[in-house]
Amino acid sequence: MARRSTPLLRRLLSPSPSPSPYHPLAAAAVSRRTVTYMPRPGDGAPRAVTLIPGDGIGPLVTGAVRQVMEAMHAPVYFESYEVRGDMPTVPPEVIESIRRNKVCLKGGLATPVGGGVSSLNVQLRKELDLYASLVNCFNLPGLPTRHDNVDIVVIRENTEGEYSGLEHEVVPGVVESLKVITKFCSERIAKYAFEYAYLNNRKKVTAVHKANIMKLADGLFLESCREVATKYPGIQYNEIIVDNCCMQLVAKPEQFDVMVTPNLYGNLVANTAAGIAGGTGVMPGGNVGQDHAVFEQGASAGNVGNVKVVEQKKANPVALLLSSAMMLRHLQFPSFADRLETAVKRVIAEGKYRTKDLGGSSTTQEVTDAVIAHLD
C-alpha cells in the first residue's frame, strides 16, 4: 500500500513552478506520511460494513461512496438494507447486521416533524449506545468562506438530554418534556472528548453549557467536564455559555478547537460551525460507542435534501466521502483513507466540479468521477 503513494509524494515534493508553499497540493504533500504503516498479519482482510442508503439524496451519495471504494479496491464490502425514516422502528435485521459488523455507513433518514413516528436516527443511537457524535468542521483549500483557519471538532452527547424522548401532555394544552442529564453519561462524553483531543494532538477543549439557568442539569454536566479535565493537564480547558458560543462562532470561529456539549446544544453548534466552514455538504462525521460506529454526513441540516436535488441528481457527495475516509481510518486502513481524502480535496481545490451548494452546477456523478480520476 505504501508503494502506491510514493510516486505521488515524490512528484508533489519535487521543485515546481508553483510560487507559493501554501498551494493546496503542496500542503497535501507536506501532510503525507513519510514513515510507513506496518499492518498486523491479516489486517488487509476485507471488512463487512452495514450500509443504509436512507431517504432523499441518501442513495445518490452512498452510491458515490460505493463507486469510489470499488475504484480504490478498498478492502471493504457492503451489506445494504433498505430503511426509510417513516418506518415505525429500525428493522431487527439491520440492528443485528451492525452488531455483527461493528461499523455502518448511512445516508440521511427523514424524521416527521411534529407528529408521526419517532426518529430512527435517535433509535439507532440508543439501541447501539452510540453515545458520542463527532462532527469535524474545517476549511477546505480552494473553497472560499468568510473565515479562515477554521478547524473545529464538535463532540456531542448522543443519548440523553432533550432527546430522551420523555414527553407527555399533563392536561390539554400543557405538554411537559423532560431533559435528563446523568453523571454517568456526562463523564463518559467528557472522557471521550479529552481522549480524542489527546490522541489527535488538539490543544483545547471547550465545554458548552447553559448552567447559568439550568443550574442542576447543566451544572452536573460542567462538574463532570471539570473532573475529567484535571486528568489532562496538557490540554487547555474552558467553558462557554451556549448563546455566547453561537455569537463567538459566527464572529471568531478560529478560537475554537474541540467542543464538548450536551445533546441539543451540540446539534445546533455543529450545524452552525458547518455553515461557517463551507456548508453541511462537505463536513464529515460519525457516531461511536464502546462497540459500534455509524458514519454519516456530519451536520444533520440538508442530509436528506429536497425533491429537486434528488430529481436532478445534484446532491453533494463530499461530506459522505470524507466520512468514509474517517471510517477507513477507524477500520485501520490508513493508506486508503489518505488516498480518498487527498482525491476529494484535490477536486475541491481544482474547482472544476462542484455541486450547486458550493457554487457550481455539477451532478453527483460528475463529482464522483472527478474524485475517482484524482485517486493516486
Side-chain angles (χ1 to χ4, degrees), residues 44-87 89-111 119-125 127-128 130 133-135 158 281 283-289 291-300 302-305 309-310 313 315-333 336-337 339-341 343-344 364-365 367-369 371-372 375:
R47 291 285 302 273
V49 173
T50 304
L51 178 67
I52 301 175
D55 297 316
I57 66 171
L60 282 173
V61 294
T62 55
V65 171
R66 296 186 77 158
Q67 290 181 57
V68 175
M69 292 290 183
E70 289 173 7
M72 287 198 301
H73 304 290
V76 298
Y77 61 94
F78 295 99
E79 295 178 0
S80 184
Y81 292 88
E82 182 179 349
V83 182
R84 300 184 311 275
D86 59 0
M87 289 179 169
T89 60
V90 180
E93 60 270 21
V94 178
I95 298 294
E96 177 57 34
S97 175
I98 300 174
R99 290 193 190 280
R100 181 175 63 251
N101 297 332
K102 309 295 184 186
V103 175
C104 173
L105 181 72
K106 67 179 283 290
L109 291 172
T111 301
S119 169
L120 297 193
N121 297 300
V122 174
Q123 283 186 36
L124 268 177
R125 295 167 198 160
E127 183 70 28
L128 299 168
L130 304 171
S133 165
L134 186 150
V135 181
N158 230 2
M283 299 302 150
N287 306 276
V288 66
D291 300 311
H292 312 95
V294 175
F295 295 87
E296 59 186 335
Q297 178 176 314
S300 59
N303 67 350
V304 176
V309 171
V310 175
K313 298 184 177 180
N316 190 346
V318 169
L320 200 64
L321 286 169
L322 292 176
S323 297
S324 300
M326 287 176 57
M327 180 186 76
L328 288 169
R329 291 201 179 99
H330 179 80
L331 290 171
Q332 297 185 348
F333 298 136
F336 288 93
R339 291 172 61 203
L340 175 52
E341 182 178 348
V344 171
T364 306
Q365 190 59 54
V367 175
T368 304
D369 291 341
V371 171
I372 291 173
L375 289 168

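Everything numeric here is computed off the predicted structure, so don't read it as measured data.
Taking CE of Met283 as the start and CG of Leu320 as the end, the distance is 14.5 Å to the nearest 0.5 Å. Distance CG/Asn287 to CG/Leu128: 10.0 Å, rounded to 0.5 Å. For the atom pair CD1 (Ile98) and CD (Glu79), the distance works out to 10.5 Å, reported to the nearest 0.5 Å. Here the NE2-CZ distance, from His73 to Phe336, works out to 9.0 Å after rounding to the nearest 0.5 Å. In this structure, the separation between CD1 on Ile372 and CD on Gln67 is 5.5 Å, given to the nearest 0.5 Å. The distance from atom CG of Leu120 to atom CZ of Arg84, rounded to the nearest 0.5 Å, is 10.0 Å.
Looking at heavy atoms from C-beta onward, Glu127 lies out of side-chain contact with Val90 at the 4.5 angstrom threshold. Between Ser80 and Arg66 there is a side-chain heavy-atom pair separated by less than 4.5 Å. Side chains of Phe333 and Pro75 form a contact here, defined as non-hydrogen atoms less than 4.5 Å apart.
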Val344/Leu322 under side-chain contact (heavy atoms from CB on, under 4.5 Å): CA gap, chis, key distance, verdict: CA-CA 8 Å; Val344 171; Leu322 292 176; 3.9 Å; yes
CA sep, side-chain torsions, deciding dist, call: Glu341, Arg329, side-chain contact (heavy atoms from CB on, under 4.5 Å): CA-CA 11 Å; Glu341 182 178 348; Arg329 291 201 179 99; 2.6 Å; yes
CA sep, side-chain torsions, deciding dist, call: Val65, Thr368, side-chain contact (heavy atoms from CB on, under 4.5 Å): CA-CA 8 Å; Val65 171; Thr368 304; over 6 Å; no
Check against side-chain contact (heavy atoms from CB on, under 4.5 Å), Val83 and Lys106: CA-CA 10 Å; Val83 182; Lys106 67 179 283 290; over 6 Å; no
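The shortest non-hydrogen separation linking Arg339 to Leu375 is O-CD2, 3.8 Å. Pairing each heavy atom of Leu328 with each of Leu340, the nearest pair is CD1-CD2, 4.2 Å. Minimum interatomic distance between Thr111 and Ser119 (heavy atoms only, all atoms of both residues): OG1-OG, 3.5 Å. The shortest heavy-atom contact between Leu130 and Gly289 is CD2-N, 3.8 Å.
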Side-chain donor-acceptor pairs under 3.5 Å in residues 47-64, sequence neighbours left out?
residue, atom, partner, partner atom, Å
Thr50, OG1, Ser97, O, 3.3
Thr50, OG1, Ser97, OG, 2.6
Thr50, OG1, Asn101, ND2, 3.0
Asp55, OD2, Gly85, N, 2.8
Asp55, OD2, Ala110, N, 2.9
Thr62, OG1, Gly58, O, 2.8
Thr62, OG1, Pro59, O, 3.4

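The side-chain hydrogen bond (donor to acceptor under 3.5 Å, both in side chains) pairs that include a residue from residues 315-324 are Asn316-Thr355, Asn316-Asp357, where partners are two or more places apart or lie in different chains.
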